[in-house]
Chemist: 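Before I ask anything, here is the structure I am working with.
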Amino acid sequence: MSKIALLTQLTRWPEADAEELAAALGLAYPATAMALLRAWRQGLLGRDQEPESGRYVYWLTDHGRARWGHLKSLNRGG
């Protein structure tokens with residue numbers, strides 16, 4: 001999974017969990033969960049644990065939004 005695909009999906013929703021993102025991207029849950037964890041560790045995402053389900057929900061941080069814009073501009077050729 002590309003980082004830009006993950007970040008792009010998160011620009012469309014205020015927050016999402018790994019299961020929702022895996023379904024939206026057509027990817028396996030474990031791969032999506034690992035990509036979210038890496039992006040969170042890089043400061044691109046914020047996360048919070050839902051008390052009732054125990055699932056983590058993720059959202060773009062300001063740093064993540066800036067990184068997404070940078071990656072998007074590279075994909076357009078500058």
Side-chain angles (χ1 to χ4, degrees):
M1 164 193 320
S2 72
K3 188 178 290 184
I4 193 166
L6 178 67
L7 298 179
T8 297
Q9 192 62 46
L10 280 163
T11 66
R12 298 178 180 142
W13 295 336
E15 61 183 38
D17 66 31
E19 192 173 303
E20 292 169 326
L21 287 163
L25 294 165
L27 299 169
Y29 173 84
T32 304
M34 186 56 64
L36 286 166
L37 181 60
R38 282 192 306 268
W40 174 72
R41 287 179 176 165
Q42 293 170 0
L44 303 176
L45 305 178
R47 77 174 186 181
D48 204 6
Q49 193 170 24
E50 293 181 332
E52 54 290 338
S53 68
R55 290 182 182 178
Y56 285 102
V57 292
Y58 295 86
W59 61 89
L60 280 177
T61 61
D62 290 341
H63 178 59
R65 204 165 285 283
R67 183 71 175 156
W68 172 73
H70 174 70
L71 293 171
K72 198 169 132 183
S73 72
L74 291 176
N75 279 351
R76 289 188 181 156

Chemist: Give me the other members of the hydrophobic cluster that V57 sits in, counting Ile, Leu, Val, Met, Phe, Trp and Tyr linked by side-chain heavy atoms under 4.5 Å, directly or via other members.
Modeler: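 Result for V57 is W59.
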Chemist: Please set out all donor-acceptor pairs under 3.5 angstrom arising from side-chain atoms of residues 33-49, sequence neighbours excluded.
Modeler:
from: Q42; atom 1: OE1; to: K3; atom 2: NZ; distance (Å): 2.9
from: Q49; atom 1: NE2; to: G54; atom 2: O; distance (Å): 2.8

Chemist: List the steps, then state whether side chain to side chain contact (heavy atoms under 4.5 Å, CB included) holds for L71 with T8.
Modeler: CA-CA 10 Å; L71 293 171; T8 297; over 6 Å; no
Chemist: Output every pair passing salt bridge (Lys or Arg N to Asp or Glu O under 4.0 Å) with a member in residues 49-62, not counting sequence neighbours, ordered by first then second residue.
Modeler: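 Applying salt bridge (Lys or Arg N to Asp or Glu O under 4.0 Å) to every pair that reaches into residues 49-62, excluding sequence neighbours, yields D17-R55, E19-R55.
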Chemist: How long is the straight-line distance from OG1 of T61 back to CZ of R67, given to the nearest 0.5 Å?
Modeler: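 R67 atom CZ to T61 atom OG1 measures 12.0 Å (nearest 0.5 Å).
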Chemist: Looking only at non-hydrogen atoms, find the nearest pair between H70 and S73 and report the distance.
Modeler: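 H70 and S73 have their closest heavy atoms at O-OG, 2.7 Å.
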Chemist: Listed by chain and number, what are the side-chain contact (heavy atoms from CB on, under 4.5 Å) partners of A24, not counting sequence neighbours?
Modeler: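 Once residues adjacent in sequence are excluded, the partners of A24 under the side-chain contact (heavy atoms from CB on, under 4.5 Å) criterion are Q9, W13.
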Chemist: Quick one: OG1 on T32 to CG on L27, what's the gap to the nearest 0.5 Å?
Modeler: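 Output value for this atom pair is 4.5 Å.
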Chemist: I'd like to check the side-chain hydrogen bond (donor to acceptor under 3.5 Å, both in side chains) partners of T11; sequence neighbours left out, ordered by chain and number.
Modeler: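 side-chain hydrogen bond (donor to acceptor under 3.5 Å, both in side chains) list for T11, sorted by chain: empty.
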Chemist: Give, for atom CD of E15 and atom CG of L21, the distance between the pair rounded to the nearest 0.5 Å.
Modeler: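 The distance works out to 11.0 Å.
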Chemist: On a heavy-atom basis, which atom in L7 and which in G64 lie closest, and how many Å separate them?
Modeler: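 Taking L7 first and G64 second, the nearest heavy atoms are CD1-O, 4.1 Å.
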